[in-house]
Amino acid sequence: MADNETERPADFIREIITEDIAAKKYESRVHTRFPPEPNGYLHIGHAKSICLNFGIARDFRGLCNLRFDDTNPTKEEVEYVDSIKGDVRWLGFDWDDRLFYASDYFEKLYQHAVQLIEKGKAYVCDLTPEQMREYRGTLTEPGSNSPYRDRSAEENLDLFGRMRAGEFETGSRTLRAKIDMSSGNINMRDPVMYRILKAGHHRTGDTWCIYPMYDYAHCVSDSIEGITHSICTLEFEDHRPLYDWFLEELGIYHPRQIEFARLNLSNTVLSKRKLIQLVRDGHVAGWDDPRMPTIAGIRRRGYTPEAIRNFCDRIGVAKRDSTVDVALLEYCIREDLNKKAPRVMAVLRPLRVVIDNYPEDLIEELDAVNNPEDMSMGTRKVPFSRVIYIEQDDFREEPPKGFFRLAPGREVRLRYAYYITCVGVLRDDRTGEATELHCTYDPKTRGGDSPDGRKVKATLHWVSAEHSLEAEVRLYDHLMKEAGPGQQEADFRALLNPGSREVLRSCRVEPGLAGAAAGSRYQFERLGYFCVDPDSGPGRLVFNRTATLRDTWAKVQKSGKK
RNA sequence: UGGGGAGUCGUCCAAUGGCAGGACGGUAGACUCUGGAUCUGCUUAUAGGGGUUCGAAUCCUCUCUCCCCAGCCA
């Protein structure tokens with residue numbers, strides 16, 4: 001795309017970069033960065049940013065750094081940097097030897113701050129947080145100058161040095177940029193550059209007790225790394241004048257900041273605060289709960305990196321606030337797994353079926369296709385016998401209109417096996433529910449084809465009772481009930497979908513699934529895509545439902561009920 | 001009522017003065033040993049008013065709506 005001059009770049013950012021290259025800015029280099037703060041797990045919204053930054057580097061034959069924005073030791077932990085590195089790699093991106101930390105630059109940042117003090121562009125301020133808020137003014141009223149604003153460079157240098165030396169208490173003083181307390185842009189009202197924080201840092205230990213703020217650290221870090229295009233989300237648009245101010249006053253290399261709209265997803269929460277709340281309050285089983293929109297959760301759910309990348313390509317990049325329908329994400333994983341996932345038969349809610357005219361001791365090994373979308377994936381043998389299980393949903397004693405499956409007197413096909421006809425139903429005396437079916441089979445339909453060419457309207461999946469394996473299957477649905485959980489509602493937990501997780505413990509699966517490795521993905525025919533959960537072990541199979549198959553019958557039923 | 005952004009099908013993204021297009025969703029059908037997949041058809045949009053122009057989603061203008069900003073968070 002970037003190589004094809006006749007085609008328009010895919011989004012407005014690539015368009016800007018294309019123009020910059022043409023104008024020979026930054027020697028026509030392209031160098032981006034993905035700058036997470038290690039204070040939480042990455043989620044699908046970060047994936048958009050990762051795909052954008054690393055994708056641009058790939059498209060323009062440039063580079064993309066991974067840089068941890070670790071300027072707040074009170075919130076950041078190594079656990080998070082490890083998970084973030086793993087997640088970026090899993091998504092398929094590589095930063096080679098360009099793994100950086102803002103904390104790598106603490107000394108340089110300090111020296112640049114000294115430079116600004118000497119230039120009369122920064123000062124040490126003794127205002128308390130409360131006072132500073134008062135002096136800042138409001139959205140409609142200008143602020144007023146701090147009484148400490150006109151300290152001499154000498155005094156500021158002395159004070160700043162002593163801040164670093166640990167002479168003052170946490171929070172007692174700050175270093176501020178001297179800009180304009182009456183600016184309409186509140187970020188320009190003498191923003192704090194450094195605060196005193198007597199806290200150990202996950203990388204620098206107790207070397208420092210003053211830490212730089214984002215606005216100051218970020219632009220200088222970008223500058224040090226020779227970043228050309230510093231891509232961030234819309235809420236930083238107001239900060240761009242400050243980004244530019246620092247680099248201008250410092251007279252150092254000056255990248256260009258570009259903002260785009262962050263991802264919102266329907267039926268999903270993506271705010272870090274809410275995600276933490278879900279984990280802490282036990283609404284989910286952890287950061288990697290398969291219902292979580294975290295990369296870790298999505299991975300455990302069975303999504304592939306290809307599907308995520310494809311999703312990020314399809315949603316596009318723009319400046320307009322938007323909410324992507326989660327159906328698109330689901331489409332992407334189905335599309336990918338449809339091509340890749342081996343098919344297998346599994347019965348989630350078993351109904352016992354005895355085939356009366358099938359020989360007691362006979363066991364046949366029937367051929368089944370592993371993936372009709374990809375014949376190179378071959379075939380396998382599936383055992384068939386007199387007693388099998390089918391899905392409870394596949395039988396109705398009184399079939400409604402449009403129900404094609406098994407019913408008394410009706411003939412259906414068992415996939416890859418035989419045509420069977422239901423001749424009897426055993427019921428639970430109390431509930432009246434069918435507990436066992438009796439059927440007859442037509443020996444001439446072996447393999448699933450009828451020599452006389454008669455048609456059946458349904459093909460059912462099944463497993464042999466004796467040969468099948470027991471499995472636990474966890475069915476997942478959207479975590480949030482409503483399409484777009486509003487940002488502002490007092491308690492978003494009221495919108496949690498109570499049916500987001502259902503655990504089925506007596507499922508039966510094909511014997512071939514014995515010992516399936518954690519993470520392996522399958523299509524359970526007619527049901528959906530499932531993957532082996534790490535909770536599996538020897539003799540214990542646990543599956544997560546990644547996504548259902550499109551289900552026309554479910555849709556008919558649903559619309560019929562209304 | 002300060003400053004910064006944004007308004008195009010239900011949703012997301014295109015169209016850069018010249019036939020408003022694609023994807024997802026929805027819907028109807030074809031096909032099918034998965035009610036899957038695939039294929040085909042249909043569906044619906046330029047926030048509003050005024051102006052410039054042969055021609056406006058695009059340029060000008062007024063209005064409306066929505067989002068972000070008052071952390072010693074990022």
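None of these values were measured; they are calculated from a predicted model. To find a chain, count down the sequence lines: A is the first, B the second, and so on, and within it residues start at 1.
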In Watson-Crick or G-U wobble terms, with both distances under 3.5 Å, the base opposite G35(B) is none
Could you tell me whether the side chain of Glu373(A) has a donor or acceptor atom within less than 3.5 Å of a complementary atom in the base of G36(B)? yes
Does Tyr389(A) have Arg508(A) sitting over its ring (NZ/CZ under 6.0 Å from centre, angle to axis within 45°)? no
Checking all strands, does Arg343(A) fall into the base, sugar-phosphate, or nothing category for heavy-atom contacts under 4.0 angstrom? base
Applying a 3.5 Å limit to both distances, which nucleotide forms a Watson-Crick or G-U wobble pair with C19(B)? none
Nearest to the side chain of Ile186(A), which nucleotide is it out of U27(B), C69(B), G25(B)? C69(B)
Out of G25(B), A74(B), G3(B), which has the shortest distance to the side chain of Ala327(A)? G25(B)
Winner on side-chain proximity to Arg195(A), out of G25(B), A23(B), C72(B), is C72(B)
Provide, to the nearest angstrom, the distance between the OH atom belonging to Tyr331(A) and the P atom belonging to A23(B). 9 Å
With a 4.0 Å cut-off on heavy atoms, is Glu15(A) in touch with a base, just the backbone sugar-phosphate, or nothing at all? base
Arg262(A) atom CZ, neighbour heavy-atom count above 12 within 6.0 Å: no
What nucleotide, of A74(B), C24(B), U34(B), holds the atom closest to the side chain of Gln523(A)? U34(B)
Residues Glu225(A) and Arg33(A) bridged, charged N to O under 4.0 Å: no
Only pairs with both distances under 3.5 Å count, Watson-Crick or wobble alike; so what is the partner of G41(B) in this structure? U27(B)
First of Glu76(A) and Gly184(A) reached from the 5' end of RNA chain B, by closest nucleotide: Gly184(A)
Listed nucleotide nearest any side-chain atom of Glu525(A), set G35(B), A70(B), U34(B): U34(B)
Would you mind classifying the nucleic acid contact of Tyr214(A) as base, sugar-phosphate or nothing, using non-hydrogen atoms under 4.0 angstrom? base
Answer yes or no as to whether G35(B) has its base stacked against Trp553(A), where stacking requires a ring-centre separation under 5.5 angstrom and planes under 30 degrees apart. yes
Can you identify which nucleotide, out of G5(B), A70(B), G35(B), has its nearest atom closest to the Arg133(A) side chain? A70(B)
One should read off an interatomic distance between Ile333(A) CD1 and Glu306(A) CD, to the nearest 0.5 angstrom, of 8.5 Å
Within the 4.0 Å heavy-atom criterion, would you say Phe236(A) contacts the bases, only the backbone, or no part of the nucleic acid? base
Should the pair Asp59(A)-Arg14(A) be classified as a salt bridge under the 4.0 Å nitrogen-to-oxygen rule? yes
Checking contacts here: which listed nucleotide (A23(B), A74(B), G5(B)) is nearest the side-chain heavy atoms of Leu234(A)? G5(B)
When rounded to whole Å, the CZ to P distance for the pair Arg14(A) and A14(B) reads 11 Å
Need one value for Lys555(A): base, sugar-phosphate or nothing, where a base atom within 4.0 Å counts as base even if backbone is also close, heavy atoms only. sugar-phosphate
Return the nearest nucleotide to the side chain of Arg136(A); candidates are G35(B), A74(B), A70(B). A70(B)
5'-most contact on RNA chain B: Lys75(A) or Leu139(A), nearest heavy atom basis? Leu139(A)
In the strands shown, is G71(B) matched to any nucleotide by a Watson-Crick or G-U wobble pair with both distances under 3.5 Å, and which? none
Would you mind telling me which of C68(B), U34(B), C72(B) lies closest to the side-chain atoms of Met132(A)? C72(B)
Can you tell me the distance, in whole Å, between the NE2 atom of His201(A) and the C1' atom of A74(B)? 13 Å
Quick one: label Ser322(A) by what it contacts on the DNA or RNA (base, sugar-phosphate, nothing), any heavy atom closer than 4.0 Å. sugar-phosphate
Please work out which of the three classes, parallel, tilted or perpendicular, describes the rings of Phe530(A) and Phe524(A), given edges at 30° and 60°. parallel
Under a 3.5 Å threshold, yes or no: a donor from one side chain and an acceptor from the other, between Glu510(A) and His461(A)? no
Within the 4.0 Å heavy-atom criterion, would you say Pro142(A) contacts the bases, only the backbone, or no part of the nucleic acid? nothing
Give one of base, sugar-phosphate or nothing for Tyr194(A), where a contact means two heavy atoms less than 4.0 Å apart. nothing
Residue matched to U46(B) through Watson-Crick or wobble contacts both under 3.5 angstrom: none
Would the base of G35(B) count as contacting Arg405(A) through its side chain, where contact means a donor and an acceptor less than 3.5 Å apart? yes
Can you tell me which nucleotide in G35(B), A23(B), A70(B) comes closest to the side chain of Thr138(A)? A70(B)
Hey, is the side chain of Asp238(A) pairing donor to acceptor with the base of G3(B) inside 3.5 Å? yes
Base, sugar-phosphate, or nothing: which does Thr140(A) touch, judged by heavy atoms less than 4.0 Å apart? base
